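Report on the structure given below.
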Amino acid sequence: MSTIHTTTTTWFFACKTSDVPTNGGVCVKYKEEQIALFYFARRNEWYATQNLCPHRQQMALSRGMTGTVKDEPKVACPFHKKTFSLKDGRCLSDETECSLTTYPVKIIDDMVYIGVMANVEMVNASI
């Protein structure tokens, strides 16, 4: 018997596009996770990250200020103003080891879907 471990993306319906403020964010709950969802109207781009601030350990990033640094879309934590890339989650403010988890986003017929990764274990029984 062999076991195969793989990762798969599960897409869940988050909200309608009209539910997200232009150039702002909202918090979306998926199971036990809180995800910050952002829409950059001028770029027509969508991003999703964890909502948990890695420094204060509070759910607040969806209320952060969005913008760009050298054409990199970012969010600034409303507590300490550290900025994070919305593309890959890395901290743009300094060389700290903290970063954000990011999630893929897709739009289908004005509906926003966020992809979450799940580990899958498949057991192959040989006879």
Side-chain angles (χ1 to χ4, degrees):
M1 183 175 347
S2 64
T3 302
I4 300 170
H5 298 277
T6 187
T7 304
T8 185
T9 302
T10 299
W11 293 93
F12 74 92
F13 169 71
C15 61
K16 295 178 182 178
T17 55
S18 59
D19 294 331
V20 182
T22 300
N23 298 314
V26 296
C27 179
V28 175
K29 189 161 183 185
Y30 176 72
K31 295 185 179 180
E32 299 303 315
E33 293 182 63
Q34 286 189 29
I35 299 173
L37 175 65
F38 302 96
Y39 175 53
F40 276 64
R42 64 189 172 276
R43 299 166 66 119
N44 195 30
E45 294 175 347
W46 292 82
Y47 299 97
T49 70
Q50 70 188 50
N51 195 36
L52 180 69
C53 165
H55 297 100
R56 293 272 182 110
Q57 297 296 303
Q58 293 180 324
M59 299 294 185
L61 290 178
S62 62
R63 295 177 296 177
M65 185 176 290
T66 58
T68 56
V69 173
K70 298 180 184 174
D71 205 38
E72 179 86 13
K74 66 166 181 82
V75 63
C77 177
F79 293 116
H80 52 65
K81 307 302 184 236
K82 289 203 183 288
T83 58
F84 298 90
S85 167
L86 290 173
K87 286 185 177 180
D88 61 18
R90 76 186 185 287
C91 183
L92 301 172
S93 299
D94 55 34
E95 297 299 318
T96 63
E97 69 281 349
C98 68
S99 62
L100 303 178
T101 300
T102 59
Y103 303 88
V105 179
K106 65 182 177 182
I107 310 300
I108 301 173
D109 297 328
D110 293 323
M111 306 289 223
V112 182
Y113 294 87
I114 299 174
V116 292
M117 303 304 280
N119 292 320
V120 177
E121 184 177 291
M122 296 181 286
V123 177
N124 181 15
S126 44
I127 299 176

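Since this is a predicted model, take the numbers as computed values, not measurements.
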(message) Can you confirm whether Y39 sits close enough to L37 that some side-chain heavy atom of one is under 4.5 Å from a side-chain heavy atom of the other?
(response) no
(message) Test of understanding: clusters of I, L, V, M, F, W, Y form through side-chain heavy atoms closer than 4.5 Å, transitively. Do W11 and V112 belong to the same one?
(response) no
(message) Using every non-hydrogen atom in the two residues, find where H80 and F84 come nearest and quote the distance to one decimal.
(response) CE1-CE1, 4.4 Å
(message) If you compare all heavy atoms of T7 against all heavy atoms of M117, which two are closest, and at what distance to 0.1 Å?
(response) CG2-CE, 3.3 Å
(message) Can you confirm whether F38 sits close enough to V105 that some side-chain heavy atom of one is under 4.5 Å from a side-chain heavy atom of the other?
(response) no
(request) Calculate, to the nearest 0.5 Å, the distance between atoms OH and CD1 belonging to Y113 and I107 respectively. (result) 9.5 Å
(message) Rounded to the nearest 0.5 Å, what separates atom CD1 in I114 from atom CZ in F13?
(response) 10.5 Å
(request) May I ask you to test the V28-Y103 pair for a side-chain heavy-atom distance under 4.5 Å? (result) no
(message) On a heavy-atom basis, which atom in L100 and which in P54 lie closest, and how many Å separate them?
(response) CD2-CD, 3.8 Å
(request) Compare every heavy atom of L86 with every heavy atom of Y47, then report the nearest pair and how far apart it is. (result) CD2-O, 3.4 Å
(request) Give the minimum heavy-atom separation between C27 and N51, together with the two atoms involved. (result) SG-ND2, 3.4 Å
(message) Quick check for you: to the nearest 0.5 Å, what is the distance between C77 atom SG and R63 atom CZ?
(response) 9.0 Å
(request) Looking only at non-hydrogen atoms, find the nearest pair between C91 and C98 and report the distance. (result) CB-O, 3.6 Å
(request) Go through the steps for V116 and I35 under the test side-chain contact (heavy atoms from CB on, under 4.5 Å), then give the verdict. (result) CA-CA 10 Å; V116 292; I35 299 173; 4.1 Å; yes
(message) In the structure I gave you, are the side-chain heavy atoms of H55 and F79 within less than 4.5 Å of one another anywhere?
(response) no
(message) I need the T17 OG1 to D109 CG distance, nearest 0.5 Å.
(response) 10.0 Å
(request) May I ask you to decide whether K87 forms a salt bridge with D71, counting only side-chain N to carboxylate O separations under 4.0 Å? (result) no
(message) Quick check for you: to the nearest 0.5 Å, what is the distance between K74 atom NZ and S93 atom OG?
(response) 8.0 Å
(request) Would you kindly confirm whether M65 and V69 end up in one hydrophobic cluster when ILVMFWY residues are joined by side chain heavy atoms under 4.5 Å apart? (result) no
(message) Using side-chain heavy atoms (C-beta onward) and a distance below 4.5 Å, is T68 in contact with R42?
(response) yes
(message) Less than 4.5 Å apart, side chain to side chain, heavy atoms only: is that true for S18 and D110?
(response) no
(request) Please check if the side chain of Q50 supplies one atom and the backbone of T101 the other of a donor-acceptor pair under 3.5 Å. (result) yes
(message) I'd like to know if the side chain of D88 reaches the main chain of R90, judged simply by a donor and an acceptor atom lying under 3.5 Å from each other, with no hydrogens or angles considered.
(response) yes
(message) Counting C-beta onward and ignoring hydrogens, is there a side-chain heavy-atom pair between P73 and T66 closer than 4.5 Å?
(response) no
(message) For the CG atom of L61 and the CE atom of M59, what is their distance to the nearest 0.5 Å?
(response) 9.5 Å
